[in-house]
Amino acid sequence: TVTAMHALASALEHVHNRGLVHRDIKSGNVLVLPDGRVKLVDFGIAWVPGTSQEEEAEEFVGTLAYAAPEQFRGERPTSAADLYGVGCLMYRLLTGQRPFTGSSAAEMARLHTNKPPRRPRSLVPGIPAELERIVLRLLKKRPEARIPSAYALAEQLDEDRAAEFPIPRQF
């Protein structure tokens with residue numbers, strides 16, 4: 001549900017406030033426990049500033065289907081890349097489809113960096129317009145055009161009452 005995405009945004013805010021970037025937000029790394037709590041797991045490729053990872057910045061790390069355009073370009077990771085991953089995850093929850101699918105890493109890179117996703121409401125007309133707006137903003141190609149922080153994302157999910165929209169799909 002969108003309530004789970006709100007909890008994920010809160011968890012990411014906690015991570016980002018400590019200077020970390022997860023770099024692999026995807027369905028397999030978000031656990032929803034039986035009591036409804038959400039856990040973000042697998043920090044194996046997380047960016048830790050000031051460590052030996054400085055040389056790794058130019059290498060692609062992450063999952064192709066959820067990676068931000070800047071990850072494909074080898075740019076230094078920021079929290080905006082994690083928010084893009086949340087956008088991909090929300091898109092999949094809302095529509096049952098990933099925003100981009102390709103048959104190769106090169107094609108996935110081209111799609112993520114150059115092509116806008118289909119509007120979620122074109123696939124599932126019942127999606128609230130405000131929820132679609134949030135997802136499309138998270139999927140902006142330029143990091144500075146995305147929602148500015150995980151905290152701001154959580155606030156928007158609260159303000160827009162998007163949590164009332166039932167999402168029947170699993171991660």
Side-chain angles (χ1 to χ4, degrees), residues 1-6 8-9 12-13 15-16 21-30 40 45 47 57-171:
T1 67
V2 176
T3 303
M5 291 298 95
H6 183 278
L8 174 58
L12 269 179
E13 181 66 13
V15 168
H16 294 162
V21 179
H22 189 280
R23 296 200 295 181
D24 200 21
I25 302 298
K26 63 181 180 179
S27 56
N29 288 339
V30 179
L40 179 59
I45 62 169
W47 176 264
E58 295 178 9
E59 296 176 23
F60 175 85
V61 274
T63 301
L64 294 173
Y66 296 88
E70 60 270 26
Q71 287 175 276
F72 288 103
R73 292 189 297 262
E75 296 173 9
R76 184 179 204 149
T78 69
S79 59
D82 284 348
L83 292 171
Y84 185 91
V86 172
C88 291
L89 185 56
M90 287 181 70
Y91 191 101
R92 184 172 176 200
L93 282 170
L94 292 170
T95 68
Q97 299 178 27
R98 293 180 175 147
F100 304 106
T101 55
S103 58
S104 69
E107 184 179 6
M108 289 297 285
R110 183 185 60 75
L111 293 170
H112 278 282
T113 57
N114 298 314
K115 185 177 181 190
R118 283 184 67 184
R119 298 188 75 79
R121 289 167 48 109
S122 72
L123 299 168
V124 181
I127 295 171
E130 282 301 308
L131 190 52
E132 178 184 70
R133 183 188 61 75
I134 289 169
V135 171
L136 291 175
R137 187 159 176 216
L138 289 169
L139 292 175
K140 292 287 186 187
K141 302 303 179 189
R142 292 185 352 266
E144 63 275 8
R146 295 179 201 139
I147 294 172
S149 68
Y151 179 80
L153 171 59
E155 281 189 323
Q156 286 190 24
L157 290 171
D158 278 344
E159 287 173 13
D160 295 330
R161 296 289 173 213
E164 302 301 322
F165 181 70
I167 299 174
R169 293 167 177 71
Q170 297 294 319
F171 283 110

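Computed from a prediction, not measured in an experiment: that's the story for all the values here. In what follows, every heavy atom counts, from backbone to side chain, and hydrogens, waters and symmetry copies are set aside. Numbers for residues simply follow the sequence, beginning at 1.
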On a heavy-atom basis, which atom in M108 and which in L64 lie closest, and how many Å separate them? CE-O, 3.7 Å
Between atom CG of L139 and atom CE of M90, what is the distance when rounded to the nearest 0.5 Å? 9.5 Å
Answer yes or no: is there a donor N or O on one side and an acceptor on the other, between the side chain of R92 and the main chain of G87, under 3.5 Å? no
Residue that, paired with Y84, satisfies side-chain hydrogen bond (donor to acceptor under 3.5 Å, both in side chains) out of R146, H112, E70: H112
Is there a side-chain contact between L131 and L157, using heavy atoms and a 4.5 Å cut-off? yes
If you measure from OG1 on T63 to CG on N29, what distance do you get to the nearest 0.5 Å? 7.0 Å
L40 CG to I25 CD1 distance, which is reported to the nearest 0.5 Å: 4.5 Å
Where is the tightest heavy-atom contact between P117 and L136, given as atom of each residue plus distance? CG-CD2, 3.9 Å
dist H6:NE2 -> D158:CG (nearest 0.5 Å) comes out at 3.5 Å
Just do the side chain to side chain contact (heavy atoms under 4.5 Å, CB included) check on F100 and E107 with the steps written out, would you? CA-CA 10 Å; F100 304 106; E107 184 179 6; over 6 Å; no
Residues A65 and C88: closest non-hydrogen pair is O-SG, 3.8 Å
Closest approach of S122 and R119, non-hydrogen atoms and distance? OG-O, 2.6 Å
Can you find a heavy atom in the side chain of M5 that is under 4.5 Å from one in the side chain of L89? yes
Measure across F72 and A105 and return the closest heavy-atom pair with its distance rounded to 0.1 Å. CE2-O, 4.4 Å
Hey, does the side chain of K141 reach the backbone of K115 with a donor-acceptor pair shorter than 3.5 angstrom? yes
Taking atom CD1 of I127 and atom CG of L94, what is their separation to the nearest 0.5 Å? 4.5 Å
Quick one, S149 and E13 - any side-chain contact, counting heavy atoms below 4.5 Å? yes
Without swapping roles, check the side chain of R23 against the backbone of G62 for a donor-acceptor pair under 3.5 Å. no
So, for L138 and L153, which heavy atoms are closest and what is the spacing to 0.1 Å? CD1-CD1, 4.0 Å
Give a yes or no answer on whether the side chain of Y91 reaches the backbone of R118 with a donor-acceptor pair at less than 3.5 Å. yes
